[in-house]
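Let me begin by presenting the structure, written as structure tokens, before commenting on it.
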Amino acid sequence: MATNKIYQWGIIGLGKIAHKFAKDLQQLPNAKLKAVASSDEERAKAFAKEYDAPLFFDNYDDILTAGIDIVYIALPNHLHCEWSIKCLDKKIAVLVEKPFAINSVESNWMKTAAINNQTFLMEAMWTRFLPTTNKLLSILEEGTIGSIITIKADFCYKVPFDANHRAYNNEMGGGSLLDIGIYPVYLAYLLLGMPVDVKVEAPKSRTKVDESCFMILKYPGKQTAFLNSSFVHTSNVEAYIYGTKGTIHIRPRFHGLSSGISVLLESGEKIDYPFVWDCLGYKYEAAHVMECLDKGLLESDLHPIDTSLELCRLLDAIRINGNIVFPKQDRVVTFENLEEEYE
Ligand SMILES: NC(=O)c1ccc[n+]([C@@H]2O[C@H](COP(=O)([O-])OP(=O)(O)OC[C@H]3O[C@@H](n4cnc5c(N)ncnc54)[C@H](OP(=O)(O)O)[C@@H]3O)[C@@H](O)[C@H]2O)c1
């Protein structure tokens with residue numbers, strides 16, 4: 001049920017994605033950007049001016065007492081858990097960037113903090129809230145392509161090696177899998193659930209992050225997903241879903257502002273669903289958070305906390321198989337131990 005409430009938003013970490021999010025937030029009449037926090041005062045001031053936020057801080061702590069209803073955490077991966085919990089402890093609803101956490105141990109701590117504080121928590125898995133994803137799910141539900149046999153999806157873009165960039169920094173949870181590989185993995189998870197087996201090849205950079213990640217996921221019904229991510233080269237960023245009666249092609253970029261979905265049936269018939277966008281794609285997740293809060297929900301009904309936990313477990317399994325390790329954060333390296341964490 002929609003209310004008349006105007007939600008006061010805050011943003012922590014004013015990098016690239018924070019700009020895109022803030023721009024989209026301006027399209028939502030029930031959202032007001034109230035405060036922004038950066039490690040750099042000039043950046044905070046400029047950002048606040050650009051997006052009309054009355055408060056800005058040169059540190060992250062002060063936003064905790066700025067009277068915001070919802071915080072968008074746009075920090076590098078290794079800070080998602082820490083700052084989500086700090087905000088939840090102040091009863092501030094949290095929308096935290098993907099990946100939810102570095103590993104499933106951290107994700108459990110975040111879930112516990114949300115429950116203990118009875119406060120909303122959601123991963124900013126923006127793909128889930130896009131109209132293209134709703135269309136994809138309805139095409140599949142209608143049985144247009146029969147049942148899924150195989151999924152192929154990639155997300156590769158060239159990031160020149162720079163040991164200081166977060167993408168190549170092991171301690172910050174860098175690497176192609178958590179940065180961009182998460183999208184093909186999420187697509188396969190959304191459509192097929194948890195695999196029974198994963199096979200991974202993940203060549204490493206000098207800084208010991210996966211510069212590429214090639215994945216084969218196998219499912220109980222014998223379905224297979226072929227997925228990959230890379231910083232070494234650029235790809236089309238598209239997805240194919242092969243079914244018993246036809247194929248769905250999600251055109252680039254499949255996880256975001258795709259130009260549309262094409263369906264090719266075995267009969268030769270082609271159906272096209274074009275999409276045009278009036279935003280950067282982030283307003284849908286932000287609107288969803290406010291709808292959930294309007295309804296008094298403590299988590300999303302479309303991307304609940306346990307979905308993020310399961311996705312973290314799947315990413316852990318892929319990392320274990322591909323020997324992608326974050327020594328600072330990982331204290332569990334086997335599935336058996338991970339299972340214990342959940343008991
Ligand atoms: N949903 C999407 O489409 C999407 C796209 C890109 C990235 N992401 C996710 O969003 C998060 C941020 O990505 P980004 O591309 O915005 O990164 P970015 O441009 O590097 O910005 C990250 C910001 O985090 C803050 N920060 C705190 N500690 C830092 C450290 N040790 N090193 C560098 N920055 C630090 C900085 O903000 P201040 O200086 O203001 O404190 C920095 O500007 C990541 O978790 C990433 O996975 C999501």
Side-chain angles (χ1 to χ4, degrees), residues 10-25 35-48 50-51 53 56-63 71-84 86 94-103 106-107 110 122-130 132-133 155 157 159 162-187 207 209-210 229 231 237 253-258 277 279-286 288-289 303 308 311-312 315 326 328-329:
I11 302 181
I12 303 183
L14 307 180
K16 280 199 214 101
I17 193 65
H19 276 275
K20 292 185 180 179
F21 184 86
K23 199 158 197 267
D24 266 12
L25 204 60
V36 296
S38 170
S39 55
D40 180 281
E41 186 177 3
E42 280 312 304
R43 184 157 43 248
K45 191 176 176 181
F47 195 102
E50 188 170 351
Y51 301 102
F56 63 89
F57 304 106
D58 64 0
N59 66 84
Y60 303 156
D61 282 297
D62 285 352
I63 204 169
V71 68
Y72 168 60
I73 298 177
L75 294 168
N77 303 347
H78 69 303
L79 296 173
H80 290 181
C81 175
E82 177 186 344
W83 283 95
S84 292
K86 281 185 173 155
V94 171
L95 174 65
V96 59
E97 257 310 333
K98 45 57 59 181
F100 192 60
I102 292 269
N103 58 32
E106 286 189 353
S107 69
M110 292 159 73
M122 190 182 97
E123 179 183 20
M125 180 50 80
W126 62 306
T127 307
R128 179 62 190 89
F129 308 99
L130 297 171
T132 31
T133 299
F155 191 161
Y157 77 90
V159 183
D162 174 357
N164 296 317
H165 191 281
R166 69 169 181 81
Y168 284 103
N169 186 311
N170 184 294
E171 292 198 355
M172 291 166 77
S176 78
L177 174 65
L178 294 196
D179 200 40
I180 48 181
I182 188 171
Y183 291 110
V185 171
Y186 174 67
L187 179 71
T207 47
V209 302
D210 62 292
S229 57
F231 290 151
V237 193
R253 288 183 157 191
F254 78 88
H255 73 297
L257 302 188
S258 164
W277 303 90
C279 65
L280 299 171
Y282 302 100
K283 72 174 182 186
Y284 303 102
E285 60 180 3
H288 178 74
V289 171
H303 194 69
S308 296
L311 190 56
C312 282
L315 292 166
F326 302 121
K328 205 166 170 196
Q329 289 89 5

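Every number for a ligand or one of its atoms is a count from 1 in the order of the listing.
Judged by distance alone, with hydrogens and angles left aside, the side-chain atoms of N77 form no donor-acceptor pair with the main-chain N or O of H80 at under 3.5 Å. Here the side chain of S229 pairs no donor or acceptor atom with the backbone of I180 at under 3.5 angstrom. Of the possible donor and acceptor atoms, one in the side chain of K98 sits under 3.5 Å from a partner among the backbone N and O of D179. Using modelled atom types, no side-chain atom of E285 and backbone atom of T127 make a donor-acceptor pair closer than 3.5 Å. A donor-acceptor pair is defined here as one N or O able to donate and one able to accept, closer than 3.5 Å; such a pair exists between the side chain of D24 and the backbone of L280.
For atom 12 (C) of ligand 1, the nearest non-hydrogen atom from the set G173, A124, A74 belongs to A74. The closest non-hydrogen atom to atom 46 (C) of ligand 1, taken over K98, E171, R253, comes from K98. Here atom 29 (C) of ligand 1 lies nearest to P76 when heavy atoms of S39, G256, A167, P76 are compared. Between R43, K20, E97, H165, it is E97 that holds the heavy atom closest to atom 8 (N) of ligand 1.
For ligand 1, the atoms sitting less than 4.0 Å from at least one non-hydrogen atom of H80 are 45 (O), numbered in the order shown with element in parentheses. Heavy-atom contacts of L79 reach the following atoms of ligand 1: 27 (C), 28 (N) (cutoff under 4.0 Å). Each of the following atoms of ligand 1 lies closer than 4.0 Å to a heavy atom of W126: 1 (N), 2 (C), 3 (O). Near D179, the atoms of ligand 1 lying under 4.0 angstrom from a non-hydrogen atom of the residue are 47 (O). Listed by number with element, the atoms of ligand 1 under 4.0 Å from a non-hydrogen atom of M172 are 30 (C), 31 (N), 32 (N), 33 (C).
Annotation: atom 21 (O) of ligand 1 to nearest protein heavy atom, G15 CA, 3.3 Å. Of the protein's non-hydrogen atoms, N77 OD1, 2.7 Å is the one closest to atom 45 (O) of ligand 1. Looking at atom 4 (C) of ligand 1, its nearest protein heavy atom turns out to be I17 CD1, 3.5 Å. Among protein heavy atoms, the minimum distance from atom 19 (O) of ligand 1 is reached at K16 N, 3.0 Å. Nearest protein heavy-atom neighbour of atom 37 (O) of ligand 1: L14 N, 3.4 Å. In terms of protein heavy-atom proximity, atom 11 (C) of ligand 1 is closest to L75 O, 3.3 Å. Protein heavy atom in closest approach to atom 17 (O) of ligand 1: R166 NE, 3.0 Å. Atom 38 (P) of ligand 1 has as its closest protein heavy atom S38 OG, 3.3 Å.
Ligand 1 lies less than 4.0 angstrom from a heavy atom belonging to Y282. Using 4.0 Å as the threshold, Y60 has a heavy atom nearer than that to some atom of ligand 1. Within the structure, the closest approach of Y72 to ligand 1 does not fall below 4.0 Å when heavy atoms are considered.
Neither the backbone nor the side chain of F100 comes within contact range of ligand 1; no heavy atom lies under 4.0 Å.
Inspection of the D210 and S176 side chains reveals an N or O donor paired with an N or O acceptor under 3.5 Å.
Residue I11 holds its CD1 atom at 6.5 Å from CG of L25, rounded to the nearest 0.5 Å. Taken to the nearest 0.5 Å, the CD atom of E123 stands 12.0 Å off from the CD1 atom of I73.
With sequence neighbours excluded, the residues that form a salt bridge (charged side-chain N to carboxylate O under 4.0 Å, His left out) with E82 are K86. R128 meets the salt bridge (charged side-chain N to carboxylate O under 4.0 Å, His left out) test with no other residue; sequence neighbours excluded.
Side-chain contact between F100 and M125 is absent, with no heavy-atom pair separated by less than 4.5 Å.
When Y282, Y72, Y51 are each tested for a ring pair (Phe, Tyr, Trp, His ring centres under 6.0 Å) with F21, only one passes: Y72.
Residues H303 and Y186 place their aromatic rings such that the two centres sit under 6.0 Å apart.
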